[in-house]
Protein chains: 2
Amino acid sequence: MLLSKSCVYGLRASLYLAARDENGYVPIREMSDKLEISFHFLTKILQQLTGEGMLESYKGPNGGVRLTRSGEDISLMEVVMAIDGDYMLTECALGLPGCGVMKPCPIHEKWAETRDGIRDMLESTTLTELTKKGKDFDLRITAEGGFRDLM
Amino acid sequence: MLLSKSCVYGLRASLYLAARDENGYVPIREMSDKLEISFHFLTKILQQLTGEGMLESYKGPNGGVRLTRSGEDISLMEVVMAIDGDYMLTECALGLPGCGVMKPCPIHEKWAETRDGIRDMLESTTLTELTKKGKDFDLRITAEGGFRDLM
DNA sequence: AAGTTATAAGACTCTTAAGTCTTAAAATAG
DNA sequence: CTATTTTAAGACTTAAGAGTCTTATAACTT
Ligand code: FES
Ligand code: FES
């Protein structure tokens, strides 16, 4: 997998949060139900995002999690970095240590170019941009269900 | 990891084979020593490539493996496909089933574009192209050693 | 024919990611 | 103040990838 399962779930959950116009706290249970992700597993992932400051959480009734900033200001990159780290953008394609620091491997040049494509995509895409598209065209956010079923 | 460890080792070994100008059989033991890869593990990987017809093997003294075609005609894509399969180029970035077949997810459009970049790179790059570059500039093929130490 | 060099095949172990479960702590509502 | 709802934290289990080891089979050398 390009992105780990945790990361993918984190992205889906982030989109879910960004898609809600009210900005109250959203219970993790609600998200795990709607997105068909194990509650405990999702909790763990969201704790990471909370730890990174992307989300804030609140305990007790009416508690849950919410984005700390507007979805417009949050790029996919931010979510990926918080969960998977930067390995994808810094690792040598041949698995050699010190890509970009030590003498390059023969794939380096081409791989660095390709990698920039990935970086640009992740950096330039915001949560809001995707949720807007998702709502406009009722795109999929779960195996079967689209954005409109969700809200 | 973008590519599995097996795949990366397969690529390094393929480059090693392509870098040898004589086209006799190369013992796997020699490759595992030079490339610092576990002999048994590398053997398993190369068996996959042999099964896919990219390599041919020969048993007994003076045996080993060699490319079935010129390195000029073998793209990185071929190696990656043989070992990791096409998951990277066909899977949904959000892990949803049926990317490209069912209703897309909100990332689909951007991801498909990025993915084409990866595909093009893998398809357009040949083993010979990389070994030439590797030899010309003595690039790394192992953690420390360059192409020139190798031969 | 016998011994040696090499790949082939598959069982086995080790490590890490993925996923589950239990208990604690915080906040609210009555 | 007590019961309920919710996140927090971490132990635990499962599954998959990575890596090792053993035994077979083919081919050569003497
Ligand atoms: S050194 Fe291999 S990709 Fe940079
Ligand atoms: S459906 Fe998600 S990337 Fe194609």
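Keep in mind it's a predicted model, so treat the numbers as computed, not measured. Sequence lines set the chain letters: A, B, ... in the order given, protein chains first and strands last, and positions in each chain run from 1.
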request  = With sequence neighbours excluded, tell me which residues meet ring-ring contact (aromatic ring centres under 6.0 Å, His included) with B:Y16.
outcome  = none

Results of ring-ring contact (aromatic ring centres under 6.0 Å, His included) for B:F147 - residues two or more places apart only = none

Output the rounded distance in Å from [atom1] ([X]) to [atom2] ([N]).
X	N	atom1	atom2	result
A:E30	D:dT5	CD	C1'	14 Å
A:D84	C:dT16	CG	P	16 Å
B:I45	C:dA8	CD1	C1'	15 Å
A:L49	D:dA8	CG	P	11 Å
A:R66	D:dT6	CZ	C1'	15 Å
B:L42	D:dA18	CG	C1'	14 Å
B:Q47	C:dA11	CD	P	14 Å
B:Q48	C:dA8	CD	P	12 Å

Nucleotide N/O of nucleotides 28-30 of chain D paired with protein N/O under 3.5 Å:
{"unit_1": "D:dC28", "atom_1": "OP1", "unit_2": "B:Y58", "atom_2": "OH", "d": "2.8"}

query = In Å and rounded to the nearest 0.5 Å, what is the CD1 to CZ distance from A:I141 to A:R148?
reply = 14.0 Å

Could you tell me whether [X] and [Y] make a salt bridge, using a distance below 4.0 angstrom between a side-chain N and a carboxylate O?
X	Y	value
B:D33	B:R29	no
A:E144	B:K103	no
B:K34	B:D149	no

In a table with atom names and distances, give each donor-acceptor pair under 3.5 Å that connects a side chain of residues 110-119 of chain B to protein atoms at least two apart or in another chain.
{"unit_1": "B:K110", "atom_1": "NZ", "unit_2": "A:T125", "atom_2": "OG1", "d": "3.3"}
{"unit_1": "B:K110", "atom_1": "NZ", "unit_2": "A:E129", "atom_2": "OE2", "d": "3.1"}
{"unit_1": "B:W111", "atom_1": "NE1", "unit_2": "B:E91", "atom_2": "O", "d": "3.3"}
{"unit_1": "B:T114", "atom_1": "OG1", "unit_2": "B:K110", "atom_2": "O", "d": "3.0"}
{"unit_1": "B:R115", "atom_1": "NE", "unit_2": "B:L89", "atom_2": "O", "d": "3.4"}
{"unit_1": "B:R115", "atom_1": "NH1", "unit_2": "B:E91", "atom_2": "O", "d": "2.9"}
{"unit_1": "B:D116", "atom_1": "OD1", "unit_2": "B:R119", "atom_2": "NH1", "d": "3.1"}

task = Under 4.0 Å between any heavy atoms, over every strand shown, what does B:I28 touch: base, sugar-phosphate, or nothing? Just pick one.
result = sugar-phosphate

Between A:E36 and A:T142: side-chain donor-acceptor atoms closer than 3.5 Å = yes

Just the atom pairs and distances: protein N or O near nucleotides 18-22 of chain C's N or O, under 3.5 Å.
{"unit_1": "C:dA18", "atom_1": "OP1", "unit_2": "A:K5", "atom_2": "N", "d": "3.1"}
{"unit_1": "C:dG19", "atom_1": "O6", "unit_2": "A:K44", "atom_2": "NZ", "d": "3.0"}
{"unit_1": "C:dT20", "atom_1": "OP2", "unit_2": "A:S38", "atom_2": "OG", "d": "2.8"}
{"unit_1": "C:dT20", "atom_1": "O4", "unit_2": "A:K44", "atom_2": "NZ", "d": "3.3"}
{"unit_1": "C:dC21", "atom_1": "N4", "unit_2": "A:H40", "atom_2": "ND1", "d": "3.3"}

inquiry  = Please enumerate all residues that pass salt bridge (charged side-chain N to carboxylate O under 4.0 Å, His left out) together with A:D120, with sequence neighbours excluded.
reply    = none

